[in-house]
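Structure first, commentary second.
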2 protein chains.
Amino acid sequence: MRISSLEEYGLRCLLALAREGCEGQLSITDIAEMEGLSVPYTSKLLSILRKSDLVSAVRGRKGGFCIKRKPDEITLLEVITALGGPLINPDHCSKFSGKLDTCVHVDSCSVHGVLDTLAGTIELFLSKTTLQDLIEQGNRQTGFTPADTLLTGGIQDSTKEINTLDYKERL
Amino acid sequence: MRISSLEEYGLRCLLALAREGCEGQLSITDIAEMEGLSVPYTSKLLSILRKSDLVSAVRGRKGGFCIKRKPDEITLLEVITALGGPLINPDHCSKFSGKLDTCVHVDSCSVHGVLDTLAGTIELFLSKTTLQDLIEQGNRQTGFTPADTLLTGGIQDSTKEINTLDYKERL
DNA sequence: ATAAAACTTTACATCTTTGTAATGTTTTTG
DNA sequence: CAAAAACATTACAAAGATGTAAAGTTTTAT
């Protein structure tokens with residue numbers, strides 16, 4: 001289970017445009033230089049983002065890309081989905097690579113259930129985080145990012161509560 | 001962002017052994033048949049699980065595999081990590097595939113921060129779910145799995161709370 | 001108009017993941 | 001002790017992901 005390269009680098013490019021705001025504009029060359037990527041690769045990433053309607057392109061001499069919506073209106077879920085497809089293979093049990101034609105668990109697949117829940121958890125997290133959140137996070141530079149705080153204290157207790165009280169109790 | 005095949009099928013094989021309990025035993029052929037996988041592939045999966053110390057193997061005529069610990073003592077995090085490695089590339093910013101030698105964000109990488117948080121969220125979820133949970137889930141057969149319940153109501157509100165109150169407030 | 005700057009598209013080489021094949025090693029049973 | 005059953009290991013073919021290269025199209029400035 002990994003973040004793919006397309007997802008990560010695509011997110012970086014989109015963030016660069018998000019920092020410029022809706023009126024701003026950057027060329028592929030600009031972005032490639034800022035993010036330390038090759039021009040052709042950056043081009044490919046932006047092409048994907050454009051087809052997903054996250055950025056718009058202006059061709060020609062004074063051309064470039066700009067973000068299509070305000071950064072606080074674009075969630076990470078949209079971005080990751082655009083770049084990497086759905087988290088869980090939609091036809092989990094029907095497209096089975098084993099010996100049989102179909103997954104032996106089609107009707108009662110315990111794995112499927114938990115993977116769906118996992119995907120739901122991830123998607124929930126991603127849908128609550130916007131590009132604006134990332135930008136503000138980057139501007140802080142306090143040495144400790146909110147993410148660090150989050151992982152070492154605070155939220156962990158609340159989440160534990162969810163898992164023990166809500167989640168486990170339902171099982 | 002996807003669950004890899006190794007992770008999914010490996011988990012299925014381990015679950016099959018978990019259902020047999022610590023005293024039970026299954027051969028590769030048994031498991032392959034139960035899960036609809038080829039024998040060589042099943043062999044590879046179990047080999048990984050054995051090297052991760054999740055199952056033990058008995059060689060020879062009456063040989064087979066058995067699970068090494070009680071199913072309620074094995075978390076999904078262990079299993080997924082054993083089969084697919086860490087969720088986030090550990091040297092995210094140092095091993096960079098762009099033009100430059102190192103990632104341009106080494107010191108202030110906003111993407112890195114949020115990806116860490118995401119990984120933490122996923123790991124937390126995985127660490128709270130044991131093989132026993134999956135087995136009990138599979139035994140129910142109520143038509144609606146707990147996962148479904150989880151996704152359509154209950155936990156969603158609580159998680160929202162986390163994201164809005166705890167997480168966002170800290171940002 | 002024409003050249004330069006910038007986006008677009010397609011093709012391709014490379015690397016990783018997936019799954020198979022084949023061969024070797026260990027233990028049991030007759 | 002020899003054959004069968006079962007695990008172990010290594011090598012390899014196929015598919016997918018990654019990143020590059022090259023040629024094409026559009027607009028602007030001169």
Side-chain angles (χ1 to χ4, degrees), chain A residues 1-13 17 25-52 54-68 80 82-85 89 95-100 103, chain B residues 1-13 17 25-33 35-68 80 83-86 89 95-100 103:
Chain A
M1 215 185 166
R2 287 245 169 75
I3 302 273
S4 77
S5 296
L6 237 59
E7 284 162 357
E8 181 188 329
Y9 298 142
L11 174 58
R12 284 169 191 253
C13 292
L17 285 171
Q25 195 188 40
L26 291 173
S27 72
I28 289 179
T29 314
D30 294 336
I31 299 172
E33 197 153 325
M34 289 167 68
E35 299 299 321
L37 299 168
S38 75
V39 169
Y41 190 40
T42 307
S43 173
K44 183 185 226 169
L45 292 169
L46 286 167
S47 173
I48 295 172
L49 293 172
R50 184 178 54 77
K51 283 165 187 161
S52 306
L54 289 166
V55 304
S56 57
V58 177
R59 298 175 73 144
R61 186 78 188 267
K62 289 280 277 182
F65 290 87
C66 68
I67 199 160
K68 265 198 141 175
I80 297 294
L83 291 160
N89 198 335
K95 184 196 157 205
F96 193 66
S97 65
K99 259 185 168 174
L100 308 176
C103 168
Chain B
M1 215 188 167
R2 287 246 169 73
I3 302 273
S4 78
S5 297
L6 237 59
E7 284 162 357
E8 181 187 330
Y9 298 141
L11 174 59
R12 284 169 192 251
C13 291
L17 285 171
Q25 195 189 39
L26 293 173
S27 72
I28 288 179
T29 314
D30 294 335
I31 299 173
E33 197 152 327
E35 299 299 322
L37 299 169
S38 74
V39 169
Y41 191 40
T42 306
S43 173
K44 182 186 229 172
L45 292 170
L46 286 167
S47 174
I48 295 172
L49 293 172
R50 183 178 53 77
K51 284 166 187 161
S52 307
D53 219 43
L54 288 166
V55 304
S56 57
V58 176
R59 297 174 75 142
R61 187 76 189 265
K62 288 281 275 180
F65 290 86
C66 68
I67 199 162
K68 263 198 140 175
I80 296 294
L83 292 160
N89 198 335
K95 184 195 156 204
F96 191 65
S97 64
K99 259 186 168 177
L100 307 177
C103 169

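We name chains A, B, ... by the order of the sequence lines, and we start the count at 1 in each one. In what follows, every heavy atom counts, from backbone to side chain, and hydrogens, waters and symmetry copies are set aside. Everything numeric here is computed off the predicted structure, so don't read it as measured data.
You'll find that the side chain of B:Tyr41 is closest to C:dT20, out of D:dA8, C:dT20, D:dT20. Distances were taken from every side-chain heavy atom of B:Tyr9 (C-beta onward) to each of C:dC7, C:dG19, C:dA4; the shortest belongs to C:dG19. Of the candidates D:dT18, D:dT20, C:dA5, D:dT20 carries the atom nearest the A:Ser38 side chain, counting heavy atoms from C-beta on. Taking only side-chain atoms of B:Pro40, from C-beta outward, the nucleotide of C:dG19, C:dA21, D:dT9 with the closest atom is C:dA21. Taking only side-chain atoms of A:Ala57, from C-beta outward, the nucleotide of D:dA29, C:dT27, C:dT8 with the closest atom is C:dT8. Nearest to the side-chain atoms of B:Arg59 among the listed nucleotides D:dA21, C:dG19, D:dA8 stands D:dA8.
Along DNA chain C, the nucleotide closest to A:Val58 and the one closest to A:Lys44 are compared, and the more 5′ of them pairs with A:Val58. Comparing A:Ser4 and B:Phe65 by the nucleotide of DNA chain D whose heavy atom lies nearest to each, the residue mapping closer to the 5' end is B:Phe65.
Using a 4.0 Å heavy-atom distance criterion, B:Gly63 is classed as a sugar-phosphate-only contact.
Between B:Thr29 and D:dA5 there is no side-chain polar atom (N or O) within less than 4.0 angstrom of OP1 or OP2. Distances shorter than 4.0 Å separate none of the side-chain N or O atoms of A:Arg50 from OP1 or OP2 on C:dC7. The shortest distance between the side-chain N/O atoms of A:Arg61 and the OP1/OP2 oxygens of C:dT2 is not below 4.0 Å. Using a 4.0 Å cut-off, no side-chain N or O of B:Ser43 falls inside it from OP1 or OP2 of D:dA8.
A donor-acceptor distance shorter than 3.5 angstrom exists from the side chain of A:Ser52 to the backbone of A:Ile48, with no hydrogens or angles considered.
The only member of A:Leu45, A:Leu11, A:Ile80 that meets side-chain contact (heavy atoms from CB on, under 4.5 Å) when paired with A:Leu6 is A:Leu45.
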**OP:** Begin from the C-alpha positions of B:Cys13 and B:Thr42 and carry the test side chain to side chain contact (heavy atoms under 4.5 Å, CB included) through to its verdict.
**Re:** CA-CA 8 Å; B:Cys13 291; B:Thr42 306; 4.2 Å; yes

